[in-house]
Amino acid sequence: MLLASSLTIKLVILVGIFVALPIILYGQFERADRQTRSLVAENFRHHDWLVAQALSSLLEHTEVSSAQDLNAALEKFSENGSILKLMFRPKLKTGNPGFFFIASAPAVSAQQTGHDLDILAQHGILKSLADSCSWDKPVEIRYRQVNGTEEILTSIIPINNRLGCWALVSANNSSSILSTAFGRPYWQTDNVRMAALIYLIFAILAGLIAIRVRSALRHFRRVSHEIRRAGVGSAAFASRNILPELASAADDFDRLVRDLHHASSNIRRTAEENAHAVKAPLAIIRSALEPLKSAIPQSDQRSQRAVQLIDSALARLSTLISTAQRLGNDTADFIEAPKLHINLTDVVAECLRNARDISVSRNIRFVRHLAENVLLAAPDGILDIIVENILDNAISFSTDGSTITTTLSQSRGGIDLSIEDEGPGIAANKIDRIFDRNFSFRPGTKGDAAEPDHAGLGLWIVRHHIEALGGAVTAMNRAGGGLRIQVTLPGNGW
């Protein structure tokens with residue numbers, strides 16, 4: 001859960017960076033473009049002022065009829081896509097004739113001249129020409145010519161002389177102004193649109209790659225889940241991998257599964273060999289002990305006590321050997337055996353029926369509160385061992401006619417199983433040790449000496465198996481007397 005949460009946080013951070021980066025860069029580039037526009041506009045205005053100063057001497061002695069000469073003069077100053085238009089308002093004593101279109105560079109036809117005047121009138125430029133005769137009035141307007149070429153009106157420079165007021169209107173094709181966003185939003189520039197397109201393509205590619213990787217990892221997870229459910233004998237990561245980049249990891253997983261298979265086989269074989277190796281000498285000792293029992297007279301109490309102690313020790317040793325063998329087999333099952341779909345409700349109910357049959361003579365009452373269909377993935381028989389050992393411990397401490405209460409519930413946090421008895425409980429200084437190996441304490445015995453029938457392995461096996469399933473077990477004394485064993489298991493679905 002922590003790993004999944006960490007990956008989710010990292011993914012959210014990466015997505016946040018991926019989204020925030022273009023916004024930050026756009027702001028920086030847009031600010032730089034504004035500065036560039038300001039510098040370019042200032043450069044154009046200075047250039048237009050110089051052109052106006054160069055034309056002033058020519059215009060001082062030029063009549064309106066010499067338009068061709070003025071066209072030629074403007075051509076000399078037109079460069080880098082600049083468009084120059086020269087307007088004139090004669091100085092009259094009476095009336096206001098307005099401005100006349102005199103010359104332009106490059107030269108335009110009569111039809112386009114009329115269109116240009118319409119554009120100037122549409123944008124209010126003709127009305128502002130009179131004001132420009134009094135001061136320099138920079139203008140920044142974007143419009144299109146008849147042929148569709150974009151223009152940006154950059155400045156109007158007045159030239160006053162004895163003939164009247166001349167106005168030099170300078171414009172420039174937007175495509176030649178360093179790709180800046182004159183007269184339009186910055187996001188409409190070609191550079192921004194191209195960058196956005198490239199970024200979108202990369203975003204789509206990154207998304208497709210992420211989907212591909214996620215699909216491959218989910219498939220990898222399904223394969224691992226199936227192998228875990230079916231047992232380590234079905235290792236097949238490499239053969240079912242669909243992402244070449246995970247091929248080496250799949251091979252390593254297969255080798256790990258095979259190593260687990262060998263380890264489980266070794267555990268099972270070692271447990272059986274050890275049990276067989278020890279049981280044979282025990283059988284010999286037990287057989288040799290029988291003649292001694294008959295030979296020792298009843299009056300020899302000391303010898304009789306020694307024989308009883310040997311017999312009890314042999315019984316306990318035999319129990320330990322059988323338990324160790326079973327534990328080894330159970331450990332191997334955890335590694336190798338398939339994880340089955342176990343209904344824990346049915347397991348607990350069956351164990352309670354068996355416990356009631358065993359303790360019927362003691363008149364012990366069993367009360368159960370079991371949730372329906374509590375499902376768990378576990379090796380076959382493991383859950384039975386857990387519940388049986390806890391019930392056996394509760395029965396052994398219960399007095400005749402007492403009650404044992406079993407509660408099974410399920411929530412999002414997992415599965416909870418509690419078994420409560422009404423026995424004497426456990427001393428506070430020993431309750432933390434009841435799940436230790438070979439620990440057995442029963443009131444009335446001398447010290448911690450265990451009876452032959454109680455080797456102190458039952459609750460230790462319970463903890464061993466529960467922890468192998470990913471759960472936990474605790475013990476606590478009940479307020480009204482007795483002991484409560486609380487088992488918590490993860491809700492590992494199927």
Side-chain angles (χ1 to χ4, degrees), residues 221-237 253-275 320-355 370-393 406 408-410 414-419 435 437 457-474 485-494:
R221 181 177 180 273
R222 285 195 298 269
V223 173
S224 63
H225 184 70
E226 292 174 4
I227 291 175
R228 176 177 176 270
R229 182 180 64 184
V232 299
S234 56
F237 281 101
F253 274 115
D254 281 343
R255 284 193 289 269
L256 176 61
V257 172
R258 286 192 292 269
D259 290 342
L260 289 174
H261 176 69
H262 294 322
S264 64
S265 299
N266 290 335
I267 291 172
R268 195 186 305 276
R269 183 173 59 253
T270 301
E272 293 175 355
E273 291 176 352
N274 290 339
L320 292 174
I321 294 171
S322 298
T323 302
Q325 182 182 7
R326 185 178 66 178
L327 184 61
N329 291 331
D330 291 343
T331 302
D333 288 340
F334 271 111
I335 299 174
E336 188 175 26
K339 306 303 182 293
L340 303 179
H341 209 188
I342 306 297
N343 190 322
L344 185 56
T345 303
D346 295 340
V347 171
V348 174
E350 180 64 23
C351 292
L352 286 173
R353 282 192 292 269
N354 295 335
L370 308 182
E372 296 292 334
N373 296 322
V374 178
L375 303 178
L376 188 67
D380 187 28
I382 295 299
L383 296 175
D384 303 71
I385 295 173
I386 293 173
V387 179
E388 287 173 357
N389 282 349
I390 298 177
L391 285 174
D392 287 345
N393 183 79
T406 302
L408 176 64
S409 62
Q410 185 175 20
I415 300 171
D416 293 319
L417 171 66
S418 67
I419 298 178
F435 296 105
R437 187 170 185 171
L457 296 176
L459 293 182
W460 174 72
I461 292 175
V462 167
R463 185 182 67 177
H464 179 273
H465 288 351
I466 289 175
E467 291 178 350
L469 290 173
V473 58
T474 57
I485 302 293
Q486 179 70 42
V487 176
T488 302
L489 294 169
N492 48 338
W494 193 238

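Scanning for salt bridge (Lys or Arg N to Asp or Glu O under 4.0 Å) contacts around R255 gives D252, with sequence neighbours left out. Residues satisfying the side chain to side chain donor-acceptor pair (under 3.5 Å) criterion with D384, sequence neighbours excluded, are absent altogether. In this view, N389 satisfies the side chain to side chain donor-acceptor pair (under 3.5 Å) rule with no residue, not counting sequence neighbours. Not a single side chain to side chain contact (heavy atoms under 4.5 Å, CB included) links A472 to another residue, sequence neighbours left out. Under the rule for a side chain to side chain donor-acceptor pair (under 3.5 Å), E467 has no partner lying at least two apart in sequence or in another chain. Shown here are the side chain to side chain donor-acceptor pair (under 3.5 Å) partners of T270, two or more places apart in sequence or in another chain: there are none.
Between the S418 side chain and the Q486 main chain, no donor and acceptor come within less than 3.5 Å of each other.
Put simply, CG on L417 and OG1 on T488 are 9.0 Å apart, with the number rounded to the nearest 0.5 Å. Atoms CD and CD, on E372 and Q410 in that order, are 11.5 Å from each other to the nearest 0.5 Å. Expressed to the nearest 0.5 Å, how far CD1 of I385 lies from NE2 of H464 amounts to 11.0 Å. Atom-to-atom distance recorded for L459:CG and I390:CD1 is 7.5 Å, nearest 0.5 angstrom. Here L344 contributes atom CG and L370 contributes atom CG; the two are 8.5 Å apart, rounded to the nearest 0.5 Å. Here the straight-line distance linking atom CD1 of I466 with atom CD1 of I386 works out to 4.5 Å at 0.5 Å rounding.
Summarising the geometry of I485 relative to F435, their closest heavy-atom pair is CD1-CZ, 4.1 Å, with the distance given to 0.1 Å. Here the shortest heavy-atom pairing between S409 and A371 reads CA-CB, 4.1 Å.
When side chains are defined from C-beta on, T406 counts as touching L391, because their heavy atoms get closer than 4.5 Å. The shortest distance between side-chain heavy atoms of N354 and E350 falls below 4.5 Å. At least one side-chain heavy atom of L383 sits less than 4.5 Å from a side-chain heavy atom of L469.
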Self-check item: L376 and I415: CA distance, side-chain angles, deciding distance, side-chain contact (heavy atoms from CB on, under 4.5 Å) verdict
Solution: CA-CA 9 Å; L376 188 67; I415 300 171; 3.9 Å; yes
